[in-house]
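Report on the following structure.
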Amino acid sequence: MLPPSRRDFVSLTLSESGSYTNSKQWRRQSCWRKWKQLSRLQRSLILFTLMLLLVCGIATSPTLIGHWRGEIGLHNLMVCLLLLFISHVCSWRGAVIEEEQASDTDTKDTDIQDDPASLAHAESRLEAVREAFRHAWKGYKNFAWGHDELKPISNSYGEWFGLGLTLIDALDTMWILGLKEEFAEAREWVARELSFNKNVDVNLFESTIRILGGLLSTYHLTGDSMFLEKAKDIGSRLMPAFNTASKIPYSDVNIGKGTAHPPQWTSDSTVAEVTSIQLEFRELSRLTGDPKYKLAVMEVMKQVHKLDGKQDGLVPMFINTHNGLFTHQGIYTLGARADSYYEYLLKQWIQGGKTENELLDDYLLAVEGVKKNLLKKSTPSDLTFVGELSHGHFSPKMDHLVCFLPGTLALGAHYGLPTDHMELAKQLMETCYQMYAQMETGLSPEIAHFNMHEGSTQDVDVKIADRHNLLRPETVESLFYMYRFTEDKKYQQWGWEILQNFNKYTRVPTGGYTSINNVRDPANPNPRDKMESFFLGETLKYFYLLFSNDPNLISLDKYIFNTEAHPLPIWPQAE
């Protein structure tokens with residue numbers, strides 16, 4: 001059990017009165033920074049007003065009015081000023097992006113700390129993320145408060161578990177963004193309203209990464225023990241899922257009754273789900289001093305480690321909860337149902353102080369398996385992409401989910417793994433960006449198919465059923481890692497373009513952002529009326545961290561992110 005005085009969190013603190021103090025973060029901004037944070041339209045209006053006042057002053061001066069009337073003509077001067085203002089405003093929307101792009105021509109070696117313009121530029125992007133969060137939060141607060149998900153088009157809500165998923169997922173995002181009032185009201189709801197004593201089936205994986213992970217992360221960032229107590233409660237209620245003969249957990253748990261079962265249609269669980277709950281339960285054991293949580297999830301890893309049915313370290317997508325064996329063998333992907341298995345191999349090794357070599361060995365073997373079996377090049381741009389293997393046949397299909405991989409590879413390279421992992425990360429990052437840039441809306445589809453035939457004119461094809469965008473975070477997540485480790489500003493610029501397109505095609509005027517059905521039709525992207533909780537929990541958080549130039553804001557030498565973007569501390573070597 002950790003002593004009560006332990007403070008495993010960042011410097012933002014919650015005072016007894018509920019206010020937040022951090023002199024560096026909340027210091028008064030300069031007038032120049034405030035001016036730069038104004039929109040182009042606002043600045044135009046202010047400048048026009050000043051020019052108009054100047055002209056009026058001249059017009060009322062007996063000495064100057066004769067000169068102006070004779071040399072120029074007051075009427076002509078007013079017309080010129082009006083035309084200048086109109087042309088300035090008409091170019092506003094494009095000029096916003098052009099200004100940002102021009103600013104990003106600076107090299108990565110620019111000393112940001114000594115450059116007021118760069119500081120203002122970075123702060124304006126951070127403020128844009130905060131504004132996007134406030135807009136999303138406004139919709140959630142007005143139409144879905146305390147419920148799982150906002151339906152922004154119909155101004156209503158959707159329920160999955162009935163546990164306030166969006167609110168819990170967003171807690172640490174609000175803290176990191178410095179949104180004091182929003183965090184305080186959300187904390188009040190968690191303290192007074194959140195109860196896990198409900199007769200409801202929840203998905204083990206989703207509840208672990210969103211709820212348990214979110215509560216543990218918020219505890220570490222704030223030091224508020226209320227969040228730890230809630231984490232203990234949900235963690236203990238999820239444990240019946242592990243009561244199987246094989247020790248491979250069921251997918252569903254009734255947190256009120258204490259019973260667990262597989263889905264109605266199968267006795268299988270997905271490999272990603274049973275191998276992507278370890279960071280959270282291991283941390284719960286460390287905080288509580290009770291080893292049962294860690295023992296349960298590490299038994300799963302031991303079982304998967306020794307199973308037959310892998311191909312060069314790549315795992316099938318399903319595992320049977322009765323006999324503990326892989327099912328539906330022969331299909332290998334880094335997309336849905338397998339993706340975060342690979343992510344958590346590396347992150348568990350880092351979390352535990354780089355001592356669990358079995359996890360590292362499995363990760364390194366899997367990366368080599370990806371290179372050997374799944375890596376190909378597209379036509380005509382020679383983009384490196386990760387496809388799928390089905391019974392020996394290669395498919396050039398790549399889920400957007402796979403775009404977690406550049407960031408994971410870069411993270412491994414940061415911790416001393418082979419340098420060619422970083423080179424591959426850079427290539428795949430370009431590909432993930434192109435999945436956005438080659439779409440008419442500038443937003444990625446859920447699934448892309450890459451052309452490999454000579455004579456192809458576009459690298460990416462998208463089937464009609466795959467053209468939706470769910471506001472997913474994976475590309476922005478990897479952009480964050482790539483910028484944090486390389487300081488190459490192109491990654492920030494790519495992220496800025498993506499944020500602008502989210503604002504253009506998914507933002508709902510009454511509050512919130514919506515998933516869309518068609519990224520190839522900018523005239524009618526066809527909103528789906530759903531804002532996933534991970535948009536606040538992951539996507540906006542990674543945008544903020546990407547645009548920040550402070551490497552100590554959630555330092556990657558101190559924290560590891562779970563697969564829902566909730567930062568958990570890396571354990572000291574002594575532990």
Side-chain angles (χ1 to χ4, degrees), residues 25 37 96-97 100-101 103-104 112 121-140 166 169-179 182-183 214 217 221 400-401 403-404 406-407 410 429 432-433 435-437 441-444 469-508 512-516 531-551 553-554 556 559 561-567:
Q25 181 168 353
Q37 288 178 10
V96 172
I97 298 175
E100 302 291 359
Q101 290 172 337
S103 298
D104 279 326
I112 295 171
H121 175 62
E123 179 60 31
S124 69
R125 289 184 169 182
L126 294 174
E127 181 57 32
V129 179
R130 287 190 287 263
E131 193 282 329
F133 186 98
R134 291 189 190 100
H135 183 77
W137 189 252
K138 178 180 75 172
Y140 178 74
T166 292
D169 232 356
L171 285 167
D172 55 6
T173 303
M174 288 183 277
W175 186 269
I176 292 167
L177 270 59
L179 300 176
E182 292 85 351
F183 181 87
S217 171
L221 294 176
H400 183 274
L401 289 168
C403 287
F404 84 92
M429 192 74 262
C432 289
Y433 168 67
M435 288 170 65
Y436 285 76
T441 60
L443 295 175
S444 173
N469 180 290
L470 303 181
L471 312 173
R472 286 199 185 277
E474 288 78 20
T475 292
V476 186
E477 171 188 359
S478 286
L479 287 170
F480 155 63
Y481 283 108
M482 297 302 293
Y483 178 70
R484 183 67 68 92
F485 294 136
T486 69
E487 298 182 10
D488 188 335
K489 287 186 173 295
K490 75 178 181 184
Y491 298 122
Q492 287 186 322
Q493 179 57 32
W494 291 354
W496 181 247
E497 292 172 13
I498 294 169
L499 178 59
Q500 295 295 295
N501 289 321
F502 275 135
N503 278 325
K504 186 173 183 179
Y505 294 106
T506 72
R507 183 175 169 119
V508 179
Y513 290 74
T514 180
S515 303
I516 58 175
M531 185 177 77
E532 300 277 359
S533 78
F534 54 66
F535 182 66
L536 298 185
E538 299 186 72
T539 309
L540 291 180
K541 182 186 296 153
Y542 281 130
F543 271 127
Y544 192 82
L545 294 171
L546 167 63
F547 298 144
S548 171
N549 293 310
D550 181 4
L553 180 61
I554 315 297
L556 293 176
Y559 289 93
F561 286 90
N562 85 338
T563 198
E564 191 75 8
H566 298 305

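Please read these numbers as outputs of a predicted model, since none were measured by experiment. Below, all heavy atoms of this structure are taken into account, side chains as well, without hydrogens, waters or symmetry copies.
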Quick one: does [X]'s side chain have a donor or acceptor within less than 3.5 Å of a partner on [Y]'s backbone?
X	Y	result
Glu564	Glu538	no
Ser478	Cys403	yes
Thr506	Ser515	no
Ser124	His121	yes

In terms of ring plane angle, is the pair His400 and Tyr436 parallel, tilted or perpendicular, where the classes change at 30° and 60°?
perpendicular
Plane angle bin for Phe535 and Tyr513 - parallel if under 30°, tilted between 30 and 60°, otherwise perpendicular:
tilted
Report yes if some heavy atom in the side chain of [X] is under 4.5 Å from a heavy atom in the side chain of [Y]; otherwise report no.
X	Y	value
Leu553	Ile176	yes
Phe502	Leu540	no
Tyr483	Asn549	yes

Interatomic spacing from [atom1] in [X] to [atom2] in [Y] - rounded to 0.5 Å:
X	Y	atom1	atom2	result
Leu221	Ile554	CG	CD1	5.0 Å
Lys541	Tyr544	NZ	OH	13.0 Å
Leu177	Glu131	CG	CD	11.5 Å
Leu546	Leu126	CG	CG	9.5 Å
Leu499	Phe543	CG	CZ	4.5 Å
Phe547	Gln493	CZ	CD	8.5 Å

Looking only at heavy atoms, which two atoms of [X] and [Y] are closest? And how far apart?
X	Y	result
Ser548	Gln492	O-NE2, 4.2 Å
Leu536	Ala136	CD2-CB, 3.5 Å
His566	Ser217	CB-CB, 3.7 Å

Can you list everything that forms a ring-ring contact (aromatic ring centres under 6.0 Å, His included) with Phe133? Sequence neighbours excluded, please.
Trp137
Short N-O contact, Glu497 and Lys504, less than 4.0 angstrom
no
